[in-house]
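Presented below is the structure to which this report refers.
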Amino acid sequence: MPARHRSAAAALLVLAVAGAALAGCSKKSDGSATSADSGPVRVTTSDSTCELSTATFPAGHVEIAIQNKGSKVTEVYVYGDGDRIITERENIGPGTKATINAEIKAGTYEVACKPGMTGDGIRQKVTVTPGAGAAPAKADARLDQAVADYRKYAQEQADATIPVVEQFAAAVNAGDLEKAKSLFAASRVGWERTEPVAESFGDIDPKTDTREDALEAGQEWTGWHRIEKSLWVDATIGETEKQLATRLVNDLKDWQKRVPQADVTATGMANGAKELLDEVSKNKITGEEDRYSHTDLFDFAANVEGARQVYELLKPVASENDATLARTLDGEFESIQALLAKYRQADGTYTSYDKVTEPERKAFSDAVNALGEPLSKLAAAVVN
C-alpha cells in the first residue's frame, strides 16, 4: 500500500472530485441534468503541473475527465480533511485519459496530481458549493439494495478477519515462527477484499498495511509488512514483534468498529472495484506487496474477489444500461479467476510468487489490464 496519503482508495466513499465548471446546470426534457458547457470536469496533469478548470463548482453528480500530458504514470486524488481520500484514480499512463463518475457533497477539498505515483502530489484547493449542480443519479431501489448489501459484505469481511489476525498474533506472541508464517496471508484476505473501505479511515491504513519504502519521514513502521519482514527475512520473533502483533489486532479491531461509518454509494462502489484492480497491477503483479513472504497471489485473488462482489451487486442495473459492458465483464472476471485457479494448491494456498516466471507474470498483467479497462466504465453504466 502507499503510505499515509493513500488513506482511502476509497472510491467506496461518497466520491468527490475536483475541478470543473458545473455551474449553470439545466434540466433536459427527460429530467436529467446537464452542465452549462456540456462537458465533464477536467483535470489536466503533467510531470510538474496539475491544472483544474475551476476552483469552485456545485455539489451533485459529476463526470471527471483526467488527461495525463506528462511522461510519467500519474495518480489523481481528491482529499478531504486530514488527507482523507475521497476518491482517486491510479495508473494513468503518459498520454492517456481516465474518467470517473462520482457524487460529491458540498465542502472544501484538495486535488493532488502525483507524477510518478509518489509523494504528496501537486495540490490545488477546491470548493464544492451547495448550489444546484448536476442532478444525482436516478433513484433506483436496486442500487439502494446494492449499497446495503455491500455494507453487509464489508462488515462480514472485517468481522471474519479479526479471529484470524488474533490467531496470527497469538502465534507471534508464542514465538512460533512457522505457525505465524502459515497464518500471515490468511489474516489479510478480508482486508484485501474490501480495501477501499478499509483505507477510507485514513489513520488505520498507515498503521496496518504500509510497506517499508512507502514510509513518510518520521513515521514508525508497524503492521503486517513490518512483522512479515521479521518472520521471513530476519527469522526472528522478539519482544518488538510481539508488541507489533498485539498492536495490529487492536488497530484492525478499530477498523472493524468503523466499517458502519463508511459513506458508501453505488458510484463509489464501482470506482472502488477499479481501484482494487489498480492495486493488483501496481503492487501485486510486481511482487512489491508481499516482497518477503511472496504471498502476493493471496492478495491478488482477494482483490479480484472483492471487485467481482461489487460488480455482481451492481450488475442488475449495469447490465440493463450497458449489456455489452456486462457481457465483457462477465467474461473477463471468469478469465482472470480461472488463471488464478491454476496457481491454487490442494490445501487452498497459492504458489509462492517468487516461483512465478516472468512470462507468467506477463499473463497476469494482461488479464488485469483486460479486466481493468471495462471495469473503469462500470460507474458510468450505473448512472446512465
Side-chain angles (χ1 to χ4, degrees), residues 1-16 75 77-88 90 112 120 150-169 172 183-229 241 243-264 268-269 271-272 275-276 278-279 282-283 289-290 298-299 302-303 306:
M1 298 298 92
R4 171 172 54 89
H5 296 304
R6 197 183 183 296
S7 50
L12 297 177
L13 297 181
V14 173
L15 290 173
E75 301 171 331
Y77 290 71
V78 178
Y79 290 119
D81 293 340
D83 274 0
R84 176 175 59 90
I85 296 179
I86 306 304
T87 190
E88 63 173 305
E90 298 180 346
D120 288 349
Y150 190 79
R151 286 184 179 281
K152 181 180 179 182
Y153 174 76
Q155 188 66 62
E156 288 172 345
Q157 293 303 309
D159 293 345
T161 295
I162 300 305
V164 187
V165 172
E166 288 177 330
Q167 293 173 39
F168 171 67
V172 173
L183 289 165
F184 173 77
S187 74
R188 293 172 50 76
V189 171
W191 174 278
E192 292 291 336
R193 283 175 177 160
T194 59
E195 201 161 2
V197 166
E199 293 178 342
S200 69
F201 311 108
D203 57 333
I204 296 177
D205 178 66
K207 292 185 289 187
T208 59
D209 202 27
T210 298
R211 302 188 316 274
E212 187 173 17
D213 59 311
L215 293 170
E216 298 287 336
Q219 180 184 352
E220 180 186 6
W221 191 20
T222 60
W224 271 301
H225 297 302
R226 167 64 177 80
I227 301 170
E228 177 196 7
K229 186 177 183 182
E241 286 71 33
Q243 292 170 9
L244 288 170
T246 299
R247 180 172 174 178
L248 177 64
V249 172
N250 291 334
D251 287 337
L252 290 171
K253 284 183 176 179
D254 186 22
W255 158 56
Q256 178 193 27
K257 292 177 183 177
R258 288 203 238 173
V259 168
Q261 302 171 22
D263 195 354
V264 182
M269 288 167 59
N271 284 297
E275 294 306 328
L276 286 170
D278 287 342
E279 275 298 311
K282 182 180 178 183
N283 298 318
E289 182 74 8
D290 301 308
F298 285 85
D299 289 1
N303 286 156

Gap between atom OG1 of T208 and atom NE2 of H225 - 0.5 Å precision:
8.5 Å
Apply salt bridge (Lys or Arg N to Asp or Glu O under 4.0 Å) to the pair E289 and R188, showing each step before the final yes or no.
CA-CA 12 Å; E289 182 74 8; R188 293 172 50 76; 2.9 Å; yes
For E156, is there an ion pair with R151 - N to carboxylate O distance below 4.0 angstrom?
no
Return the set of residues passing salt bridge (Lys or Arg N to Asp or Glu O under 4.0 Å) with D159 (not counting sequence neighbours), or none when no residue passes.
none
Polar contact flag, side-chain donor to acceptor under 3.5 angstrom, E279-N303:
no
By salt bridge (Lys or Arg N to Asp or Glu O under 4.0 Å), R226 pairs with (sequence neighbours left out) E241
With sequence neighbours excluded, residues passing side-chain contact (heavy atoms from CB on, under 4.5 Å) with A245:
A169, V172, N173, I227
Can you label the angle between the Y153 ring and the Y150 ring as parallel, tilted or perpendicular, going by 30° and 60°?
tilted
Measuring from K253:NZ to I162:CD1, what's the distance to the nearest 0.5 Å?
7.0 Å
Strictly below 4.0 Å, N to O, side chains only: are K282 and E75 in salt-bridge contact?
yes
Taking only residues two or more places apart in sequence or in another chain, which ones pass side chain to side chain donor-acceptor pair (under 3.5 Å) with S187?
W224
For V189, which residues count as a side-chain contact (heavy atoms from CB on, under 4.5 Å) partner, sequence neighbours excluded?
R193, A302
Applying side-chain contact (heavy atoms from CB on, under 4.5 Å) to A158 and not counting sequence neighbours gives Q155, W255, Q256, V259
